[in-house]
Amino acid sequence: MDRLLLMHSFVTVAQVGSFSGAAKKLGSSGSLVSRHVAELERQVGVRLVNRTARSVSLTEPGQRYAEFSARILEEIEAEDAGIAHLHDRAEGTLSVICPKWIGSLDLGDAIAAFSAEHPKIQVRFELGGMSDRTYDFLDSGFDVAFHTRDLRDSSVRLKKISSLPFVLCASKAYIERHGELSHPNDLAAHDCLVHVNDPVWRIGHGHASTLHKIRNIAFSSNSYIALQKAAVHGRGLALLPQRPAYDDLVSGALQVLLPDLTVPDRPLYAIYGPGQDAPRKVSVFLDFLAAWFAQNPIPVIRP
């Protein structure tokens with residue numbers, strides 16, 4: 001039988017001084033409370049109460065055990081209240097993980113803004129080291145992880161934070177040397193700058209889009225920033241996130257290719273643990289990020 005239940009019945013008997021009084025306070029029966037105390041005595045191995053026809057008194061070990069039990073039950077109640085308080089308030093440590101390329105983009109700006117606005121939440125933000133298994137971030141002690149692919153995993157929950165526009169581009173010097181693209185199939189004839197986790201490029205929208213496995217890889221990296229620098233230096237064509245490339249696109253250091261076809265946006269998803277109610281710090285964080293991206297849209301690039 002559950003030890004805490006037995007201790008609760010015993011402490012109530014010790015406080016009230018009778019089985020019937022304890023039963024009334026607990027909303028139970030006197031016989032059940034008496035059995036609880038007898039079972040606790042059996043588990044502890046000593047007699048805890050003196051039973052007479054008219055009253056119940058504690059033995060010396062019973063007095064000591066009643067004080068111990070009351071203290072344990074009070075500590076459990078206080079800890080339960082503290083945990084509930086922590087769940088319901090936007091404070092404490094929030095651990096976040098995402099792939100390096102996402103964290104080095106505007107997500108980093110959004111999380112920094114969140115940390116400044118919510119100083120009672122201590123943010124731990126790590127880039128890289130993510131497993132392909134979507135739920136592993138929970139086992140590693142993280143509250144939230146970010147992905148840009150659709151997930152179908154009932155062990156986690158998902159919230160779309162924003163869309164990340166991408167753009168196919170190259171430098172003016174490269175285009176002058178190798179010529180403009182007139183069709184996505186022309187990619188096979190060009191030097192391409194490829195992210196190691198993104199070797200297949202989708203060009204166009206909807207049913208008109210086509211997938212192209214890049215084979216002529218002139219430069220590869222796990223950093224879109226490095227690919228952007230290589231593109232500016234004229235090394236080849238690159239499929240880049242638009243926000244960090246924006247200044248180079250506006251200045252003319254990079255030029256949009258195949259503007260009539262464009263490139264599909266990629267979703268930015270936050271995934272977090274299962275359960276009906278997310279901790280307050282998590283829900284506040286996700287709401288803030290969704291609002292931040294809505295309030296900081298990426299300006300339209302004019303080819």
Shortest non-hydrogen contact from [X] toward [Y]:
| X | Y | answer |
| --- | --- | --- |
| Val194 | Trp201 | CG2-CZ2, 3.9 Å |
| Gly236 | Ala170 | O-CB, 3.9 Å |
| Ala110 | Phe288 | O-CE2, 3.5 Å |
| Ala23 | Gly30 | CB-N, 3.4 Å |
| Lys159 | Ala290 | CE-CB, 4.4 Å |
| Leu286 | Ile161 | O-CD1, 3.8 Å |

Find out whether [X] and [Y] are in side-chain contact, i.e. whether some heavy atom of one side chain is under 4.5 Å from a heavy atom of the other.
| X | Y | answer |
| --- | --- | --- |
| Thr12 | Val33 | no |
| Phe10 | Met7 | no |
| Phe125 | Ser115 | no |
| Thr59 | Val46 | no |
| His147 | Ile271 | yes |
| Tyr272 | Phe285 | no |
| Cys192 | Phe219 | no |
| Asp143 | Pro279 | no |

Would you indicate whether Arg64, at its atom CZ, is surrounded by more than 12 heavy atoms from other residues, nucleotides or ligands within a distance under 6.0 Å? no
Can you confirm whether the side chains of [X] and [Y] place a donor and an acceptor under 3.5 Å from each other?
| X | Y | value |
| --- | --- | --- |
| Lys25 | Ser28 | no |
| Arg202 | Ser209 | yes |
| Tyr174 | His190 | yes |
| Asp186 | Ser182 | yes |

Quick one, Leu6 with Val37, criterion side-chain contact (heavy atoms from CB on, under 4.5 Å). Give me CA distance, side-chain angles, the key distance, then yes/no. CA-CA 6 Å; Leu6 304 182; Val37 174; over 6 Å; no
Distance under 6.0 Å and angle within 45° of the ring axis: does Arg51 meet both against Phe19? no
Where at least one partner belongs to residues 250-274, residue pairs that pass salt bridge (Lys or Arg N to Asp or Glu O under 4.0 Å), sequence neighbours excluded: Asp198-Arg266
Could you walk me through whether Phe146 and Phe137 pass ring-ring contact (aromatic ring centres under 6.0 Å, His included), step by step? CA-CA 10 Å; Phe146 288 93; Phe137 74 98; 9.9 Å; no
Ionic contact status for Arg35 with Glu41, cut-off 4.0 Å: no
If you measure from the Lys or Arg side-chain nitrogens to the Asp or Glu carboxylate oxygens, is any gap between Arg71 and Glu74 under 4.0 Å? no
Decide side-chain contact (heavy atoms from CB on, under 4.5 Å) for Val256 and Leu168; before the verdict, give the C-alpha distance in whole Å, the side-chain angles of both, and the deciding distance to 0.1 Å. CA-CA 6 Å; Val256 177; Leu168 181 65; over 6 Å; no
Candidate pair Asn50 and Val56, rule side-chain contact (heavy atoms from CB on, under 4.5 Å), full reasoning: CA-CA 6 Å; Asn50 293 311; Val56 173; over 6 Å; no
About how many Å separate [atom2] of [Y] and [atom1] of [X], when rounded to the nearest 0.5 Å?
| X | Y | atom1 | atom2 | answer |
| --- | --- | --- | --- | --- |
| Ser162 | Asn296 | OG | CG | 10.0 Å |
| Ser220 | Ile214 | OG | CD1 | 12.5 Å |
| Lys213 | Leu187 | NZ | CG | 13.5 Å |
| Arg235 | Asp191 | CZ | CG | 5.0 Å |
| Leu257 | Leu237 | CG | CG | 6.0 Å |
| Leu32 | Ser9 | CG | OG | 6.5 Å |

Any donor-acceptor pair under 3.5 Å from [X] side chain to [Y] backbone:
| X | Y | result |
| --- | --- | --- |
| Ser221 | Ser223 | yes |
| Asp106 | Asp109 | no |
| His195 | Asn222 | yes |
| Gln122 | Lys120 | yes |
| His8 | Leu4 | no |
| Arg157 | Gly273 | yes |

Which residues pass the ring pair (Phe, Tyr, Trp, His ring centres under 6.0 Å) test with His212, not counting sequence neighbours? none
Report the relative orientation of the aromatic rings in Phe68 and Tyr65; use parallel for angles under 30°, tilted for 30 to 60°, perpendicular for over 60°. tilted
When you group the ILVMFWY residues by side-chain heavy-atom contacts below 4.5 Å and let the links chain together, are Ile217 and Leu240 in the same group? yes
If two hydrophobic side chains count as joined below 4.5 Å and joins carry through other members, does Val49 share a cluster with Val16? no
For Cys169 and Leu249: C-alpha separation, side-chain torsions, deciding distance, then whether side-chain contact (heavy atoms from CB on, under 4.5 Å) applies. CA-CA 8 Å; Cys169 58; Leu249 291 165; 4.1 Å; yes
Partners of Asp248 by salt bridge (charged side-chain N to carboxylate O under 4.0 Å, His left out), sequence neighbours excluded? none
